[in-house]
Amino acid sequence: MDERRTGWLLILVLAGQLVFLATRVPGRGGKGTALESAGLRLLGPVARLVALVSESFSGSRESLALRGRLIDENRALRQEVLDLRLRLLRTADLGDEMARLGAAVEYAAPPAGRIRAADVVYVDRSSLLRTLVLYAGPSPVRVNQPVLSPEGLVGRVVVVAGPYAKVQLITDRAAAVGAMLLRNRRQGVVRGSARDPGFGLELDYLPLQADVRAGDRIVTAGIDGIYPRGIPVGTVDSVEPGGQLFHRIHLTPAVDFGTLDQVYLLEHEPVPDTVKEALPGVRRR
Amino acid sequence: MSGAVKLLLGIAAGLLVHLVGAHLFPDFPRLVDVFLIVVALHALSGNSLSGLLVGMAVGLLHDTLTGSRLYGLYGFADTIVGYGTARLAQRLVIQRATGVFVVVGLASVLQQVVLVGLTFLLLPDPGFPLPLWAGAKAVTCGLLGMMIYAAAGSFGRNYESRRRSRMSRLRLE
């Protein structure tokens, strides 16, 4: 093919790709394409194989080095388990008391949900978008399912392809999490930081009169219909006067995203779209 | 070895290096884009049609491993990079490996400019990539491209000289 025809083909291909990209620009909470799902199905097993081989090598090396340390740690953990059992007994007492008081005023708390572990097989922190891919096994995973680590909130599932699931991290600029200050329950929205893309977080929509201090802990507020209340999100790093109305608040994430090798999928029932989108005063037939 | 087999082997090796690198060092993909190196080295042959098509295919492969919101960003950028590098290679005579360093480095800069432009054009909340990382990525891509080019050239020369000596021995016998 001569260069002129190739030039025309280039224009055609680029125009086609632009149209494709433009149709795929999602709003907040957008989902992936069928092509992306197919690609994920093909590449997921390769990524998992690499993760398994690498883990088995590093695992055998570490197991030798850590054996002695683990014995000491085991002793300390046994003692801690005993202490925690005692605390659990006291907490169970408090729980019963709460349940009795709740029943007296007919309070119905939303169910907490179960968690299940999933291995991280691929982490992308390179591009402007922050994602990771999980191998969740044969049990079904659904879009918008919250993903946690022992330290706090990691993100939510955005694409599912067989046993693999792609997770949007909360540090992604497009991610939005309804959150609140643990100290005074003041609510705002947590997003990926523009100042430190991919690593930091920002808490938006907190008015200037709100009392926020460095060191305040931020947890999910349970108001976005996706994440349940009370999951740690981060800690206030700095507070600056923003525009005319709101603070500019920078957060340090509760989770160290560079060390994630296993995460937890929360079996939490989200608020149905029909309920979220229902208009006041309109009756459904 | 035919060109298609070489290309497939290059893509498979690139995919493996990317996955292993990203698994061992989380910052690896921020510093090195192995898919771009594969596209740029392939396009150095000067065939613009092949550069275009391979750029698009490898870019889409890269898209599968990244980005949650805009599938096709790398596909678009690598199509331009593949075509642009092939057109550049038609006009240049690259005799030294340092030439490859410059071409692959420029290809990386072009790819990052296209990616940033597209992201700002299409996404509501784009983030700025740090210029230091972008520069470091261009340099590492250029260096790796140069090393692979030099290694492949030396391997090819050794293979050819061995083949010739074997042929001359056969004729003598």
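Chain A is the first sequence line, chain B the second, and so forth, proteins listed ahead of strands; every chain is numbered from 1. The figures here come from the full heavy-atom set of this structure, side chains too, leaving out hydrogens, waters and symmetry mates.
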- Message: With a 4.5 angstrom heavy-atom cut-off, is it the side chain or the backbone of B:L121 that approaches chain A, or both, or neither?
- Response: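 Answer is neither: B:L121 stays 4.5 Å or more from chain A.
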- Message: For B:L61, which atoms come within 4.5 Å of any heavy atom of chain A: side chain, backbone, both, or neither?
- Response: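 Both backbone and side chain.
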Could you grab the distance from atom [atom1] of [X] to atom [atom2] of [Y], nearest 0.5 Å is fine?
X	Y	atom1	atom2	result
A:Q17	B:L60	CD	CG	6.0 Å
A:L14	B:L52	CG	CG	7.0 Å
A:L10	B:M56	CG	CE	10.5 Å

- Checking heavy atoms, do the side chain of A:V133, its backbone, both or neither come under 4.5 Å from chain B?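 Neither part.
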- Where is the tightest heavy-atom contact between B:A22 and A:V123, given as atom of each residue plus distance?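 So the two residues come closest at CB-O, 4.3 Å.
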- Item | B:Y71 to A:F20 - nearest heavy-atom pair and separation |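 Looking at all heavy atoms of both residues, the shortest contact is O-CE2, 3.3 Å.
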- Query: Applying a criterion of heavy atom separation less than 4.5 Å, what residues of residues 80-92 of chain B form contacts with chain A?
  - Reply: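 Counting heavy atoms that sit under 4.5 Å from chain A, the residues of residues 80-92 of chain B involved are B:I80, B:Y83, B:R87, B:Q90.
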- Query: A:L18 versus B:L118: any side-chain heavy-atom pair under 4.5 Å?
  - Reply: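 When only atoms from C-beta onward are counted, B:L118 and A:L18 do touch, with a gap below 4.5 Å.
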